[in-house]
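One-based numbering along the sequence shown.
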Amino acid sequence: MDQIVIRTDVCVVGAGHAGCEAALACARMGLETVIFTVSVDSIALMPCNPNIGGSSKGHLVREVDALGGEMGKNIDHTFIQSKMLNLSKGPAVHSLRAQADKAEYSRRMRMILENQEHLTIKQAEVCELLTEDADPEERRRGADKKVTGVRIFTGAVYEAKAVILCTGTYLNARCLCGESITHTGPNGLQAAVHLTDSLKELGIGMRRFKTGTPARMDKRSIDFSKMEEQKGDERVVPFSFSTDPEEVQIGQESCWLTYTSEKTHEIIRANLDRSPIYAGIIEGTGPRYCPSIEDKVVKFAEKDRHQVFIEPEGRYTNEMYVGGMSSSLPEDVQLAMYRTVPGLEHCKIVRNAYAIEYDCIDARQLYPTLEFRKISGLFSAGQFNGSSGYEEAAAQGILAGINAGRKCLDQEPVMIDRSEGYLGVLVDDLVTKDNREPYRMMTSRAEYRLLLRQDNADLRLREKGFEAGLISEEQMRHLEEKKRSIEEEVKRLQNTVIGASSANQNFLERHNSALLKTGTTLAELMCRPELSYEALKEIDPERGELSQEVLEQVEIEIKYQGYIERQQRQVEQYRKMEKKRIPDSIDYDDVKSLRLEARQKLKEFRPVSVGQASRISGVSPADISVLLVYLEHESRRQP
């Protein structure tokens, strides 16, 4: 029987949150794209908490949307509760979080993929990467091989110019619930068991990570009267810059807060020997910032209780997610443990909690474009890169998709640095640091977070999405109008002077603000903590009607002007180092006075800039000084 050979432009392996964004990006760039999944029913699956966003993660969703991605739009259509977090703090850490209807989120994303021009969905397990020797130009850049396509388990071959690996937690996956071990992916779905061998044969270094999920309860067995109700915001803010705010003002579902008890902790401590984590059965490393309840009880022994959030999995199901109590303990221990939590005394478990182990890579094998250094045309994104979380996956997915598409079109790749977006921080941390556990995005990782707010993601990244072909001219016109409105209103406030009239003094007195001794501008008044743009409307009769998104930017720009300018100066210094590119052809053995460790690390990671080199563990400031002198000397030698 003849072998089936199908020619396409891009193959995307995996249809989780990374794979969906990667495939949509390539297809929307006009490239024939095939997305492979072990189960069509698992497209955009939410195997853990069915929510999108949260602290720092909300920033990533907004950035995906600014670049032309789908995640923000999808959650705007399928959320059941929405809340803006950290409102008591400054705007740099405000983050949107929405509880999703799990089934509806997956269903709608599948519909988007099925109806996307140039995109084909294929249910199949990819078992082999196909490659050939790299050409001289690719070898000069450090690649040994060039990807040519994939082979699926049935034997069919898909020839492609680029391949994007988005395997999530499916590679050689096994789920553990006490002594019960099943070799499946999340939710009992088929694992991908053949691809790892192919990757290892190509010299790709693999790692073994672990994550987990809590039990799901039958809503009818829960006593909510013993819990604290957690409602959504009265006025919902959409994730997508393209969503009409009025469309998301819907009836919302409640979540609930309760706590573990000392009895809970006693049961866990008495059964630690039955936990795969502490019995040595689990080989993979778990996420530090999302520990199991066993880890919490052991590592935070001084705490007498831990928060537990009871959250609905959808509008049309009785399944409730028990946030904060992921576990791999046996079923009998789980039931006893959960029933010590106030409100869960008579709970019935629909799905047991479990831990899942899976194969992933050391992402230091990638360029900041998410292309493999040694294999031209091969990209990867998501949990396969050692990260955790739907939002981190989607953000990597759209970047990998854009760059795989641009590779096929012989265009320069898109790079996002640490000063441009949380996505830049995420990717830079993955490709330069030795992450020995699943990486999670946090606001504290972003040095320039006052500039990288969730509210201005479109102002920062829309243009890059437009250049990639994912943002329309109409969207860009809207953005330019928004920019113009912000600039004009800021300028007007800075130039509008008010005097110490009795009406103005009375206004200030009522707002507990210092009275005027001389004239001042409206912008200067706005800098006072007790006054806001909205409050000043009373003494600003010349004000026109502006959209909420413009008002928000005007207020932040004026109130935080000094801090913003200081951070912009820091960014200028950072970019000087990022602009100092390191030639692909550099021979680090020629760089005299480099310490041996630095030379080894630089040869291994081959940073694209001096800035990236400075963030590699084992490369000291002294080594960077030596490298700068060498590069300056070499540039002078060039004709």
Side-chain angles (χ1 to χ4, degrees), residues 1-16 18-20 22-23 26-27 31-43 113 118-135 138 143-174 183-185 189-207 358-361 365-366 370-385 397 400-401 403-405 407-408:
M1 185 176 176
D2 293 337
Q3 183 184 63
I4 296 174
V5 177
I6 299 168
R7 291 178 177 82
T8 190
D9 292 318
V10 182
C11 290
V12 178
V13 184
C20 287
C26 292
L31 296 163
E32 294 303 320
T33 305
V34 180
I35 184 169
F36 296 92
T37 173
V38 292
S39 170
V40 173
D41 295 326
S42 69
I43 290 173
L113 265 63
H118 304 299
L119 180 57
T120 301
I121 299 170
K122 176 67 177 178
Q123 181 169 295
E125 181 183 349
V126 171
C127 60
E128 184 182 356
L129 274 181
L130 304 177
T131 63
E132 62 185 20
D133 289 339
D135 61 37
E138 290 162 337
D144 299 324
K145 298 284 185 180
K146 175 183 179 180
V147 77
T148 59
V150 301
R151 191 189 312 278
I152 62 175
F153 188 68
T154 59
V157 168
Y158 285 75
E159 294 180 349
K161 301 172 187 175
V163 174
I164 310 172
L165 300 176
C166 306
T167 56
T169 61
Y170 284 82
L171 274 192
N172 279 344
R174 65 173 188 163
H183 292 269
T184 65
L189 292 167
Q190 176 186 334
V193 297
H194 297 94
L195 186 57
T196 294
D197 289 340
S198 176
L199 299 177
K200 287 180 177 178
E201 287 173 7
L202 291 170
I204 295 174
M206 306 298 294
R207 285 184 170 171
Y358 55 94
D359 289 344
C360 59
I361 63 164
Q365 298 169 91
L366 307 174
L370 297 181
E371 183 181 18
F372 277 83
R373 296 172 181 273
K374 296 292 186 181
I375 306 175
S376 178
L378 179 62
F379 296 78
S380 68
Q383 288 188 260
F384 179 69
N385 286 350
N403 283 326
K407 179 102 177 178
C408 293

Residues which pass side-chain hydrogen bond (donor to acceptor under 3.5 Å, both in side chains) with [X], listed by chain and number, not counting sequence neighbours:
X    : value
S380 : N385
E371 : K407
S42  : T37
E125 : Q190, H194

Of all residues at least two apart in sequence or in a different chain, which pass the salt bridge (charged side-chain N to carboxylate O under 4.0 Å, His left out) check with [X]?
X    : answer
R7   : E159
D144 : none
R373 : none
K122 : none

Less than 4.5 Å apart, any side-chain heavy atom of [X] and any of [Y]?
X    : Y    : answer
C20  : L113 : yes
I121 : I43  : yes
M206 : L199 : yes
L129 : V13  : no
L378 : I204 : yes

Identify the two heavy atoms, one from [X] and one from [Y], that lie closest to each other, and give their separation to 0.1 Å.
X    : Y    : answer
T33  : C26  : OG1-CB, 3.4 Å
Q365 : I361 : NE2-CB, 3.9 Å
V10  : C408 : CG2-SG, 3.9 Å
A160 : D9   : CB-O, 3.6 Å
I164 : A22  : CD1-CB, 3.9 Å
L119 : A27  : CB-CB, 3.9 Å

(request) Measure the spacing between CG of D197 and NZ of K200 and express it to the nearest 0.5 Å. (result)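 It comes to 6.5 Å.
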(message) To the closest 0.5 Å, what do you measure between OG (S376) and CD (E132)?
(response) 10.0 Å
(message) Strictly distance-based, threshold 3.5 Å: is any side-chain N or O of T148 a donor or acceptor partner for the main-chain N or O of L130?
(response) yes
(message) Donor-acceptor check, side chain of T154 to backbone of I152, threshold 3.5 angstrom: yes or no?
(response)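 Not confirmed, T154 side chain does not pair with I152 backbone.
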(message) According to ring-ring contact (aromatic ring centres under 6.0 Å, His included), who are the partners of F36, at least two apart in sequence or on a separate chain?
(response)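 Counting only residues at least two positions away or on another chain, F36 forms a ring-ring contact (aromatic ring centres under 6.0 Å, His included) with Y158.
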(request) Could you tell me which residues satisfy ring-ring contact (aromatic ring centres under 6.0 Å, His included) with F372, sequence neighbours excluded, listed by chain and number? (result) none
(request) Sequence neighbours left out, what pairs pass salt bridge (charged side-chain N to carboxylate O under 4.0 Å, His left out) with at least one residue falling in residues 148-158? (result) E128-R151
Would you tabulate the side-chain donor-acceptor contacts of residues 165-173 under 3.5 Å, counting partners in other chains and residues two or more places apart, or write 'none'?
| from | atom 1 | to | atom 2 | distance (Å) |
| --- | --- | --- | --- | --- |
| N172 | ND2 | D359 | OD2 | 2.8 |

(request) Begin from the C-alpha positions of D133 and K146 and carry the test salt bridge (charged side-chain N to carboxylate O under 4.0 Å, His left out) through to its verdict. (result) CA-CA 6 Å; D133 289 339; K146 175 183 179 180; over 6 Å; no
